[in-house]
Amino acid sequence: MKPRFPEDARLSGRGDRFRGGLIVASNREPYCHRKTPEGLRWEIPVGGVVSALDTVLRVTGGTWVAWGSGSGDMEQTDAGGRLLVPPENPAYTLRRIWLSASAEENYYHGFCNLVLWPLFHGETDRVVYLPSFWEEYEKTNRAFAEAILEECAWNSTIWIHDYHLCRVPRMIRAADQERIIAHFWHIPWPERERYDCAPHGEEILAGLLGNDLLGFQTPLYARNFMDCAAARLGAVIDDDAMTVAWDGRTTQIRTFPISTDFECFNALANSASTAARIRRIRKQHHLPRRVGLAVDRLDYTKGILQRLQALELFFQRNPEFHRRFSFIQVAVMTRSGKPYLRYRQEVEDQIAEINKKFGKADWRPIIYFGSKLERQDLVSWYRMADVAVITPLHDGMNLVAKEYVASRGDGKGVLILGRQAGAAEELTESILVDPTDIEMFATAIHRALTLSSGEKKKRMMQLRGQVQGNTIYSWVDNILDELSLLPVMKQGGKHALTHEDEIAGRLAGRDLFFCLDFDGTLAPIVEQPELAAMPDDISLLLSVLQEHHPVAVISGRRLDDIRHRVGLPGLVYAGNHGMETDNGVADVGGRAALDAFLPAARQALECLPGVEIEDKGLTVSIHFRKIAPVLLEHFFDLFQEIARKFMGEIVANEGRKVFEILPQGAPDKGSAVRQLLKEVGKGRLPVYMGDDTNDEEAFRAVREDGITVAVGGSTEAEFYLRNQGEVGKFLALLIRVSLPDGKQRHAKDEGA
Ligand code: ADQ
């Protein structure tokens, strides 16, 4: 079966730990229904937060709580405000909450748009504050907190977004001390001096310190937050651990620079349909040979007026570009209200003035679009623009800049970027400008248009390397890793890679025995279990390790399958969770229980698309990785019904998107490891590494004396690795600390 969305495969295994569901909350909703003369229509609102998070939830499933702001939203939800989205291919639940007219006015247009947005973007002159703004902000945050709690299962993880919902974490915390709560801050966090004029500055900080994890776009914003928390609340800052302790709780502060779907933009931009569309667009708008481009939400923070001033100066100074260069400004209005209407008027007036001053009957210096563009049109503009001028006055990150870079696989195109965009910290090969220095800005536009093609290519390739190596998927990966580790961190779990000395001390002078799980540990989780493979570097490290210590691989797979997949002679293999070893098969009284269970399970479950039942002889796996998230609850109900019927005959253990079915009385991984210890590891110190719930028995079995390492963390293991990508590094560490000196050098030469 093909993944439901192309990106599913790239996020395989991510979110497996969110069995209790991921609850995302943001002010803006991902899908919005509008009443139109043609009937009810749905659309995806424009904005960076929405486009990034929809990708995540389509893969993990769960619930997104947001303001139902569309004119037709109420008509599309059930009595609880819920509906399944995306409308054409449901994957998760959208829970809409309704705002009163007063909340819309005072919370959204008031405290969010007139206080927090300008304040956090360095536009203090634009701040307007009324006490009613705060009252409604607090009330609306409470409504969000209550809705989130209603959507939570006992083990759900909550992930809140942005400045609209600062108070929510503390409100939830008051109701639930144990809950895992994380927050991502999409916009800048100002330095302490500027934050001092924030109304309710203490309450905002206190609200955010209800989180376990608080993520920022750049290290600077994270630093600023910590400074503000120390100065305004007297919170205790730990710079090394990156934590803020206050009011009896500790919040981890991290940096996660958001990004874009590089492959998607790259492929679309390289496609023949984009080339055809570019030809059509050029003709339709009578474009000259060279074009510049800016794409923004229509907002004063995006620096559109300053950009127009720089363009005016550029055209004044460089008449040779008249008729040869037009600038395309796309600016879609996403917020209503006076400041935005006024700003749009100013932008339109200024464009009219420049066009009047320099324009000719057959040439417009500036071409303006005020509407939302389809993805393919957006990409076509990116691909044809000789220069993209993305110059916000302040911006948390700015995804447009990264989308432009991702669309320039041809190595052409130059990016001019505002220094105060978060993206400027990463995209250092762009031409960086201070957008308020109009003289230099105009010079930068000229420079971009006259760069040699070699220089352009060199810069663009470096920019692309940066974006390709840090995509929206890496952003999601990093945050989900960190989220799933939070319960472990709360219990004092130790990162195996940063405790080398402790591990070395414990291993010193002991004979060792390594016992390793396969899927999710030695091999990454993939969409189709039959395609799982061990990376070459891990294979190499294992062969070095096993020259000096006994190494066992213990897996839920069949013995012949695991032996073949690892493919290294000299290792000890145990299949079917340890029931099958080279010494024979555990005696559990034959297959009678499985033979009765299998047909019943097939009949009940195989009607659900995505269920895969794998008969492994001694055990059975029921894989549910490919079931659409919205069908999962139904699957669990059906499964439980069947499992209940066979209670006493079988045992069902839940792993990563799989139920492992074992005959009653079968050994678990714990007893299997104890057995292996007796047979091959007698008197040796065991090191066990695994990633799944069924590894927990093994962690418990060896924990007292041995070293236990959980990939992705487990409250049953002493050490954790963030993800499977760290396994190779840990094996290299084991080799370093456990091999005699001379051999260590050999291990390094081998790539360890
Ligand atoms: P935004 O302020 O919305 O996001 P940005 O990051 O540039 O800014 O994202 C805008 C998104 O909207 C882009 O994906 C872009 O393609 C799209 N878009 C803009 N105009 C469009 C149009 N006319 N038609 C179609 N699509 C259009 C906030 C913060 C940013 C941060 C993001 C993500 O203000 O600093 O980068 O969140 O965290």
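Index from 1, following the sequence. For clarity, every value in this text was computed on a predicted model and none was experimentally measured. In listed order, ligands and their atoms are each counted from 1.
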Does any N or O of ligand 1 fall below 3.5 Å from an N or O anywhere on [X], backbone included?
X: E403; answer: yes
X: V332; answer: no
X: M397; answer: yes

Between [X] and [Y], is there a side-chain N and carboxylate O pair less than 4.0 Å apart?
X: R254; Y: E482; result: yes
X: D296; Y: R307; result: yes
X: R277; Y: D377; result: yes
X: E426; Y: K402; result: yes

- Item | Aromatic Y382 / basic R408 pairing, under 6.0 angstrom, 45° off normal | no
- Note on the structure: Nearest non-hydrogen contact to atom 31 (C) of ligand 1 from the set K372, R28, Q217 belongs to Q217
Which ligand 1 atoms are under 4.0 Å away from a heavy-atom of [X]?
X: V330; result: 23 (N)
X: V400; result: 7 (O), 15 (C)
X: K302; result: 1 (P), 2 (O), 8 (O)
X: D395; result: 29 (C), 30 (C), 34 (O), 35 (O)
X: V295; result: 19 (C), 20 (N), 21 (C)
X: G396; result: 35 (O)
X: I258; result: 33 (C), 38 (O)
X: L373; result: 22 (C), 23 (N), 24 (N), 25 (C)

- Item | Parallel, tilted or perpendicular: rings of H200 and W134 (30°, 60°) | parallel
- Please state which part of H161 comes within less than 4.0 Å of ligand 1, counting heavy atoms only: side chain, backbone, both or neither. neither
- When you look for heavy atoms under 4.0 Å from ligand 1, do you find them on the side chain of L378, its backbone, both, or neither? side chain
- Task: Give a yes/no verdict on whether any heavy atom in S371 is under 4.0 Å from an atom of ligand 1.
- Result: yes
- Item | Neighbour count above 12 (heavy atom, 6.0 Å) for R192 CZ | no
- Task: Answer yes or no: are there more than 12 heavy-atom neighbours, outside E374 itself, under 6.0 Å from its atom CD?
- Result: no
- Task: Considering non-hydrogen atoms only, spot the tightest contact between I148 and A25 and give its length.
- Result: CD1-CB, 3.6 Å
- Give the minimum heavy-atom separation between P257 and M397, together with the two atoms involved. CB-CE, 3.6 Å
